[in-house]
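What follows is a single structure, written as C-alpha cells, with notes after it.
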Number of protein chains: 2
Amino acid sequence: MIVDKQSADPSLRPIVNDPVDDSRTVAVVPRTEATSDGLLSGSPGRDVAEKGLREAITRGTIAPGHRLVEAELSEQYGVTRNSARLALDALAAEGLVERIPNRGARVRTVSTAEAVEIMECRMVLDGLLSAKAAELADDDQVARLLGNRELMRRAVAERELLRYSELIQNHHALVREAARHPIASELVQRLAAQIVRHQFQLSLRPGRAEQSLAELERVVDAIVARDPAAADAAAREHLGGVIAAVREEALV
Amino acid sequence: MIVDKQSADPSLRPIVNDPVDDSRTVAVVPRTEATSDGLLSGSPGRDVAEKGLREAITRGTIAPGHRLVEAELSEQYGVTRNSARLALDALAAEGLVERIPNRGARVRTVSTAEAVEIMECRMVLDGLLSAKAAELADDDQVARLLGNRELMRRAVAERELLRYSELIQNHHALVREAARHPIASELVQRLAAQIVRHQFQLSLRPGRAEQSLAELERVVDAIVARDPAAADAAAREHLGGVIAAVREEALV
DNA sequence: GGCGCCATGATTGTTGACAAACAATCCGCC
DNA sequence: GGCGGATTGTTTGTCAACAATCATGGCGCC
C-alpha cells in the first residue's frame, strides 16, 4: 500500500529554489589544519582524497590491482581515515575501485572482455550523442567541431600521437556539449574513465591513428550535415573499429 | 500500486513555512528484527537500510521529493544513523536519491525531460542487449522467450495490465540473461530503476499495451531468427514508441 | 616432516560523542 | 510596525576510539 502524504509540503526546510548555492561548493579552503599533525579534515578531506585518487587511477599513476589501504591513503592525502574511506566508497560506486568486504580495496582491473563490453556500451551511447549533436548543435559548436577536425588532421599528419589523443577527447567533449544530453554524457564519461588504460595502449598501435581519424571525420561530416542517422552510424562504426582492434590486441 | 501525486508537486509550490509537516512520517517498515537493544548494527545495518529504502523508493511507497532524514531512517529501519547515512550515499550514487551538502537528502524526482533522456539511453542499450541475445541465446533461453511471449499475448488479450507489466519485466530479464553482457545489463537496470514511476504511469494508458506487445513480439521474432540487426532495430523501435508516448503524456 | 590449531598483527568496520551549517525564531531598535 | 542581527533548534558532517575480521606464523601433535 502506498502512502501519499504529498498533500503536505515535504520540506521542513526548503531545499528547492536555492539560487545561490555555490557558496558551499567553492570557497573550500579548509581550516588548514584541525588535528595536531596537520591533517586536512572534514568535507574537503573527502573531496581531496576522492579527486586525488581518481586522478591517480585514471592517469595510471597507480596500477590496476594495487591495494588501497585506508590508513596509507589517509596519510598520503593528509585526510582522516574516514575521509579516505568515504572516497573509496565513492570511487567503488563509479567502478574505478574494487572493494571486498573486510578485505580492503584495490584499483579495479578491467579484463579485456570487460573492456570490450564497456566499449560496446560506449559505442551505442556515443551513437546516441552524435545523433543528438547532429540534431541540436548550434553554429558555434559546429564551427568548433570543424576546427578540432582540422587540428586532428594535422596531429595525425605530423605523427603527434599524444596530441591526437587529446584532440579525440576534445572531439568527444564537443559532441557531448552539442548533444545537450546530460544523462548519456555522464554515463559515457564514467565508462570512459574505466578503460583509459586500454584505450591509451591501443592508441599507440601503428596505423591506428589514421583509421581512427578517417572514422571520426565521417562523424563530424554527418553532424555538420545535420544528419542524425549518419552521425549515429559513423560513431558506431568508429567505436566498432576500436573494439575490433582491442580484440586483436588481446590475441597478441 | 502507485498513488499519483503529481498534482501536488512539491517543487512547484511556493516555499511557505509549513509548520505542520506530517509528510515525513512514512509508513514503511520492515524492521526485520532486532538485537537486544533493538538496533541492527553495522554492515548488515547498512544493507538492510539500503535494500529497504531502495525497495520503498522504486515501489513508490515513498514519493519523489520526500525528505529522507538520517535520524528518522535510522529509527524506521532499526539501524544506526551511520548505516542510514551510508545507505543514502549508496542510493545517491545510483541516482535514486538526491543529496545536497549540509542540507539533507530527498527522493529524487526525475523530470519528464530527464525521463526521456533516460529512456533514450535505455533504448540504445536495450538494442545492444537484444542484438547480443539474438547472437548468443541458447535453445533453452529462446524457448523461454517464446513462452513469455505467449503469456504476454494472453495477458494483453485479457486486459491484465498489471500482469502484462510484470511479463515485460520478465522479457527484459530473459534478454539480459541471454545477452551475457553484465555491463550493459547493470546500466539498463540502474536506469530503469530511476523511472519506474513514469513507466508505470504510462502502462495504464489505453491502447498502450497493444502497441507495446506488437513491438516486443518483433524483438522476440528477431532473436529467435538469430538476426542481431533486426533485434536491435526492433528493440529501439519499441522504446522509441514508449518515448513518444511519454512526450505526449507530458503535454496532457 | 606434514597438518591442524591457536596466538598475533594488520586492516577494515562501527560507534557514540562532538562540531558545523543552516533555517527559523526572537528581540531590541528605529 | 517593520527590520537587522544574534539566538535557538534541528539536521548533517566529522572524529578518534573501539570492535570485528582476516591472514600469517609459530607450536604441538600425529
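Lettering follows sequence order; numbering is per chain, from 1.
Residues satisfying the salt bridge (Lys or Arg N to Asp or Glu O under 4.0 Å) test with Glu166(B), not counting sequence neighbours, are Arg163(B). Residues passing the salt bridge (Lys or Arg N to Asp or Glu O under 4.0 Å) test with Glu50(A) are Arg46(A), Arg54(A), sequence neighbours excluded. With sequence neighbours left out, Asn148(B) forms a side-chain contact (heavy atoms from CB on, under 4.5 Å) with Met152(B), Leu167(B), Asn170(B), His171(B), Leu174(B). For Glu249(B), the salt bridge (Lys or Arg N to Asp or Glu O under 4.0 Å) partners two or more places apart in sequence, or in a different chain, are Arg205(B). Qualifying salt bridge (Lys or Arg N to Asp or Glu O under 4.0 Å) partners for Glu114(A), counting only residues two or more places apart in sequence or in other chains: Arg108(A).
The separation between Arg106(B) atom CZ and dT11(D) atom P is 13 Å, rounded to whole Å. Rounded to whole Å, the distance from CG on Asp89(B) to P on dG13(D) is 8 Å. In this structure, the CD atom of Glu98(A) is 17 Å from the C1' atom of dT12(C), given to the nearest Å. At whole-Å resolution of the value, CG in Leu86(A) and P in dT12(C) are 14 Å apart.
Pairs engaging residues 181-199 of chain A under the salt bridge (Lys or Arg N to Asp or Glu O under 4.0 Å) rule: none recorded [sequence neighbours left out].
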Please list, one pair per line, the donor and acceptor atoms closer than 3.5 Å that link side chains of residues 175-183 of chain A to other protein atoms, with sequence neighbours excluded.
residue   : atom : partner   : partner atom : Å
Glu177(A) : OE1  : Arg144(A) : NH1          : 3.4
Glu177(A) : OE2  : Gln141(A) : NE2          : 3.4
Glu177(A) : OE2  : Arg144(A) : NH2          : 2.9
Arg180(A) : NH2  : Leu136(A) : O            : 3.1
Arg180(A) : NH2  : Gln141(A) : OE1          : 3.4
His181(A) : ND1  : Ala184(A) : N            : 3.2
His181(A) : NE2  : Glu120(B) : OE1          : 2.8

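Glu70(A) has a carboxylate O that lies under 4.0 Å from a charged side-chain N of Arg81(A), or vice versa, which qualifies the two as a salt bridge.
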Report all interatomic pairs (protein N or O, nucleotide N or O of nucleotides 17-23 of chain D) with separations under 3.5 Å.
residue : atom : partner   : partner atom : Å
dC22(D) : O3'  : Arg103(A) : NE           : 3.3
dA23(D) : OP1  : Arg103(A) : NE           : 2.6
dA23(D) : OP1  : Arg103(A) : NH1          : 2.9
dA23(D) : OP1  : Arg103(A) : NH2          : 2.5

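Listed pair Arg99(B) / dG13(D) meets the phosphate criterion, a side-chain N or O lying under 4.0 Å from OP1 or OP2.
Contacts between residues 63-71 of chain A and DNA chain C, counted as heavy-atom distances below 4.0 Å, involve Arg67(A), Leu68(A), Val69(A), Glu70(A).
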